[in-house]
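Encoded as structure tokens, the structure appears first; notes follow it.
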Amino acid sequence: MRDNSPGTVLSPKCGRLYSLAAITVMLLSLFGGAAHASANVSDVQKLDTAESRRLLKLAEKLVRKGDLVQAEQTLQKAIEAAGADSLPKLRLAQLYIRQRRYTDAYNISFAIAKAEPKNAYAFAVLGTTMLNVGRFSDARILFYTALTLSKKQPLAWAGYGLLEFYENNVEDSLKNLAQAVNQDPDEPDYLFAYAQVAARAEKYKEAAVGYRRFLAASKDTDDERRARIKGVINFLTFLGQRESLYSLSGEKKTTVPIDLVGNRPVIKLKLNNRDEPLNFVLDTGSGISVISEETAKRLDIDPVTKGGFAKGIGGDGKFEIIYGFVREVEIGDIEIRNVPVYIRRFHSGAHQVDGYIGLSLISKFLTTLDYGNLTFALERTPDTPPADDPNSKSLPLRLTSSGFLSGEVQLAGVEAPLNFIVDTGASVSVISDEVASLESVSPFASAEKMRVIGSAGVTEGVPSYLLPSVTFGPHSRKDITAIALDLDMINEASGFVQAGILGGNFLRNYRMTFDFKNSRVTFFPLDPER
């Protein structure tokens with residue numbers, strides 16, 4: 001998958017940055033010279049003063065402790081002491097990326113890359129900025145340029161690794177991240193990313209080791225985050241002792257009916273050879289399946305371990321992380337054995353469900369959700385991708401760090417495409433507070449306030465908007481209701497900026513086939529687009 005769409009880059013505040021065409025022109029002028037550049041060209045120039053060198057080391061220690069405010073102040077002093085040397089400025093740009101101040105990071109790294117066309121580190125920082133705002137094709141070119149100038153550029157290797165991960169090329173991702181870790185084995189960010197992708201590749205023992213190394217290298221005093229990671233390590237260690245996960249048996253293909261409840265597809269399935277049918281929502285907005293506390297207790301599914309608190313939507317924004325393990329899930333004529341799950345309290349709503357089917361449970365299948373015929377089909381992924389129907393269109397999907405599916409969405413009045421999570425478990429679509437505040441969007445605010453039931457509780461009085469049109473690829477719907485939420489908690493873990501959620505009130509107009517192996521979704525409209 002490649003992102004070839006033109007336009008501008010958006011910061012979390014949706015402010016306009018320089019035209020990407022400027023970068024393209026600059027890169028075209030550099031490629032001829034880059035091909036002749038020595039592989040040993042250093043991206044780190046010698047600092048002008050010992051004071052600047054000292055301040056850079058101090059700033060790095062502050063970053064690893066999580067004291068980003070003090071680190072920024074220290075880097076500003078290092079910039080003053082360094083004179084013409086650009087290294088402290090690029091370190092500051094990296095810090096801005098951590099703080100999700102992408103406009104500031106872009107302005108610094110773009111100017112240096114333009115002025116110093118053989119500075120591999122500048123291109124790596126600029127590429128990382130592009131990656132974080134979801135401009136994948138630009139990020140790929142920039143990382144390539146950085147590594148053409150210098151193969152010893154761990155930030156570029158790490159960026160390439162994350163880019164491949166988001167595009168679901170997990171093995172390539174691991175190889176690139178391993179390069180980054182080998183070149184800079186004490187950098188916590190590289191260790192964390194490697195562990196995260198290793199877990200996705202079902203290399204659980206390796207992932208647990210990676211997270212342990214991260215905790216040893218990072219001096220971040222965020223106790224809640226460290227508690228979450230320790231919980232992950234315990235669960236990965238447990239999973240690493242199992243012979244296999246998500247092992248399949250039964251028929252190659254099955255189709256079951258769904259009930260559409262509040263725009264959410266509800267499927268009946270069975271757990272652990274029990275005869276009792278359970279109601280589970282198909283939730284493409286969740287990386288792992290979830291079972292309610294009540295259902296887990298009723299079926300004697302005990303917690304494996306606990307791991308601090310996660311951030312979610314609703315209530316106080318937090319919920320306890322409890323890991324569980326299900327021996328068997330039966331959907332129609334297919335069985336999936338050894339399934340990791342979360343066990344969580346479900347907050348009261350009009351419609352009670354027993355759980356949510358996450359992406360990891362269905363990722364080995366070609367999965368079709370038909371809102372028209374009200375059916376859900378699973379087929380073991382064929383070697384050859386299915387041909388597109390003449391009336392349908394396949395669109396690329398990206399995988400976020402937190403396990404969500406994401407695609408590019410166009411909103412009326414917003415020039416550049418925005419990244420939206422494709423979430424069958426959301427009854428209504430969502431835009432971020434930042435998008436809602438845009439001059440081109442704010443006039444569509446509705447007088448209606450909504451009640452939102454999320455993973456972390458219930459929120460009353462949420463503002464809603466009636467969007468004139470929402471477009472995903474060639475598919476467009478008019479007059480789509482969306483609520484405005486603070487998505488910072490999602491973006492903290494997503495890896496690249498998400499500006500909204502494409503919910504059931506948009507998706508219900510289509511038959512959708514998710515091809516996880518090839519990172520695409522095919523939409524077939526059920527009626528003429530409005």
Side-chain angles (χ1 to χ4, degrees), residues 9-15 17-18 42-116 119-133 153-156 158-159 180 184 186-193 214-226 229 311 434 486 488-489 491-493 495-497:
V9 180
L10 297 180
S11 73
K13 301 297 182 184
C14 298
L17 298 181
Y18 297 116
S42 174
D43 57 299
V44 180
Q45 298 178 349
K46 193 173 182 179
L47 292 172
D48 288 348
T49 67
E51 175 63 7
S52 182
R53 190 180 300 112
R54 184 189 69 80
L55 290 168
L56 275 182
K57 290 181 179 179
L58 175 58
E60 183 178 353
K61 290 179 181 179
L62 291 167
V63 168
R64 292 190 179 186
K65 287 182 179 179
D67 189 350
L68 302 187
V69 173
Q70 189 65 36
E72 180 180 354
Q73 294 173 0
T74 303
L75 285 172
Q76 294 286 7
K77 294 177 182 177
I79 290 170
E80 293 176 7
D85 195 297
S86 62
L87 179 58
K89 292 181 181 178
L90 290 171
R91 290 278 198 267
L92 181 61
Q94 265 196 278
L95 179 65
Y96 286 155
I97 293 172
R98 280 181 185 274
Q99 297 172 322
R100 301 203 299 279
R101 293 167 58 180
Y102 300 121
T103 302
D104 294 330
Y106 179 93
N107 288 339
I108 292 172
S109 55
F110 180 89
I112 295 172
K114 187 175 181 180
E116 302 175 19
N119 189 330
Y121 182 40
F123 282 96
V125 175
L126 184 56
T128 304
T129 306
M130 293 297 181
L131 181 66
N132 276 266
V133 296
Q153 183 45 255
L155 181 63
D184 193 350
D186 297 323
E187 172 50 56
D189 288 349
Y190 305 156
L191 292 167
F192 186 88
F214 165 80
L215 288 178
S218 172
K219 305 303 179 184
D220 194 327
T221 55
D222 185 339
D223 292 337
E224 285 193 1
R225 188 186 187 207
R226 296 184 78 87
I229 293 171
K311 296 180 180 180
E434 289 81 2
D486 181 353
D488 279 355
M489 63 188 69
N491 283 318
E492 281 183 18
F496 58 101
V497 174

Working to the nearest 0.5 angstrom, can you tell me the gap between [X] [atom1] and [Y] [atom2]?
X    : Y    : atom1 : atom2 : result
S86  : N119 : OG    : CG    : 4.5 Å
F123 : I112 : CZ    : CD1   : 11.0 Å
I97  : R101 : CD1   : CZ    : 12.0 Å

With side chains defined as the heavy atoms from C-beta onward, is the minimum distance between [X] and [Y] less than 4.5 Å?
X    : Y    : result
L92  : D104 : no
K77  : R54  : no
R100 : D488 : yes
K61  : D67  : no
S218 : K65  : no
L56  : L75  : yes

Any salt bridge between D189 and R98, counting N to O under 4.0 Å?
->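 Here D189 pairs with R98 in a salt bridge, since their nearest N and O are under 4.0 Å apart.
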Salt bridge K57-E60, side-chain N to carboxylate O under 4.0 Å =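 Salt bridge: no.
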Considering all heavy atoms, the nearest [X]-[Y] contact:
X    : Y    : result
L55  : T74  : O-CG2, 3.3 Å
L62  : Q70  : CD1-CG, 3.6 Å
A82  : P88  : CB-CG, 3.6 Å
L131 : G159 : CD2-O, 3.7 Å
Y102 : N132 : CE2-CB, 3.4 Å
A81  : E51  : CB-CG, 4.3 Å

From CA spacing to verdict: side-chain contact (heavy atoms from CB on, under 4.5 Å), T129, F110 | CA-CA 10 Å; T129 306; F110 180 89; over 6 Å; no
Under 6.0 Å from the six-membered ring centre of F214 and within 45° of its axis: does the NZ or CZ of R225 meet both?
->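 Not flagged: R225 not positioned over aromatic ring of F214.
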Sub-3.5 Å donor-acceptor pair from the side chain of R64 to the main-chain atoms of P188, do we have one?
->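 Side chain of R64 to backbone of P188, a donor-acceptor pair under 3.5 Å: no, none is there.
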Let me know which of R91, E116, Q153 forms a side-chain hydrogen bond (donor to acceptor under 3.5 Å, both in side chains) with Y121.
->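 Running side-chain hydrogen bond (donor to acceptor under 3.5 Å, both in side chains) over R91, E116, Q153 with Y121 returns exactly one hit, R91.
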